[in-house]
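Here is the structure we will look at, set down as structure tokens.
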Amino acid sequence: MIIVLRPTASGDEIERIVGLLHSEGYESQLMHSFGERIICCDSVSGAPPADVIGKLKASRFVARVFSQRTRYPRVSRESKTTRTVVTAGPMTIGDQALTLIAGPCTVCDSETLFQTAEFVKSCGATGFRGGAYKPTTSPYSFQGLGLAGLKLLAEVKSATGLGIVTELLAIENIEAVAAVADLIQIGARNMQNFELLRAAAKTHKPILLKRGQGATIEEWLLAAEYIADAGNEQIVLCERGIKTFEPLTRATLDVGAIALANQLSHLPVIADPSHSAGNRSIVPQLGVAAVAAGACGLLVEVHPNPDTAIKDGAQTIGHEQFRSLAKAAKKVRDEGMVAEVGLEPTTPRV
Ligand code: PEP
Ligand code: MN
């Protein structure tokens, strides 16, 4: 249960509410979360009975009561009336405009980086992506340029004004990554690396939290809750596809998860059509589908000559493809084709 307090609620009033819950056998916790004061109270035996909820709702110090059990009170949609907008350097994520973040999978030579950065900027991108530290399935694959890669990203940033999105792979690199990144990426493989989440949160830089390849939506939101609970409320969720039985794509873009995450959380949700596709021919379609489902931004792998990209060339699109994806996706976002019909999520029957 979440009880959202009115700004007028004094310490005494809060104690009275906590006392009421306590007398009914419910332990509760006061939290300062995203500008609201909320009382969270959950019990394995379920929500408090209707008369207790009635008393809470009757209090003039209570703005709202959400009686369902939630394991992620801070990031839950119920705890905040407005949607969170994250500002990360020049990137604004979660407002009406579509946010485009694009660049190669992996930081490569300076000429290619600058060429790509200038191009994506001309298409309306405000963020440049590229990994200096790469998580690789094989230990023999290229692991990224490391510090030299971060230096190149810093040069792109100062020359173009684009915001930098780059992955934090290990706590030992946190200072160097945080010094360059405007938005720190936590990759799919680290979504449940709780120590890394807490450490990243403590940098006070905005965090891009990719959904784990095998993570449920609830696990993803709980990972976001870790970051919020560690004191960092600048969180962007990124759906990047989940593992399914389908071998013709690298992952399956979970379009439903984009819509649901928007209903369950007030955090902005973006999508990465590149890692879900694994195949560049369907990246534009997935990108547009993600925006139609409610993604407020896209993270896309782009390279001037994708076949020569150091990593993930098969899913990387060229400049012209990015131009048309950006145009189509912006049109979908601007024309408000995103369905907001006000239905509450229900539990599917299996
Ligand atoms: C990436 O963005 O290059 C990447 C490795 O992403 P993910 O963690 O989603 O696989
Ligand atoms: Mn990649």
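Counting begins at 1 with the first residue of the sequence. Every number for a ligand or one of its atoms is a count from 1 in the order of the listing.
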Taking Ile317 as the starting point, is it possible to reach Leu299 by hopping between hydrophobic residues whose side chains are less than 4.5 Å apart?
no

Salt bridge Arg250-Asp312, side-chain N to carboxylate O under 4.0 Å:
yes

Would you kindly specify which portion of Gln213 sits under 4.0 Å from ligand 1, judged on non-hydrogen atoms: side chain, backbone, both or neither?
neither

Glu301: which N/O/S atom is nearest the Mn ion (ligand 2)?
OE2

Name of the Asp312 atom (N/O/S only) found closest to the Mn ion (ligand 2):
OD2

Please list the nearest protein heavy atom to atom 8 (O) of ligand 1 with its residue and the distance rounded to 0.1 Å.
Ala188 N, 2.7 Å

Does Cys105 have a non-hydrogen atom less than 4.0 Å from ligand 1?
yes

Can you tell me if Gln185 has a non-hydrogen atom under 4.0 Å from ligand 1?
yes

Pick whichever of Met191, Glu167, Lys134, Arg129 has a heavy atom sitting closest to atom 2 (O) of ligand 1.
Arg129

Please walk me through it: do Cys105 and Ile310 pass side-chain contact (heavy atoms from CB on, under 4.5 Å)?
CA-CA 8 Å; Cys105 171; Ile310 314 177; over 6 Å; no

For atom 6 (O) of ligand 1, closest protein heavy-atom neighbour
Lys210 NZ, 2.9 Å

For a 4.5 angstrom cut-off between non-hydrogen side-chain atoms, does Thr112 reach Thr308?
no

Nearest non-hydrogen protein atom to atom 9 (O) of ligand 1, with distance, is Arg240 NE, 2.6 Å

Minimum side-chain heavy-atom gap Ser59-Phe61 below 4.5 Å
yes

Treat each ILVMFWY residue as a node, draw an edge where side-chain heavy atoms are under 4.5 Å apart, and state whether Val165 and Leu147 are in one component.
no

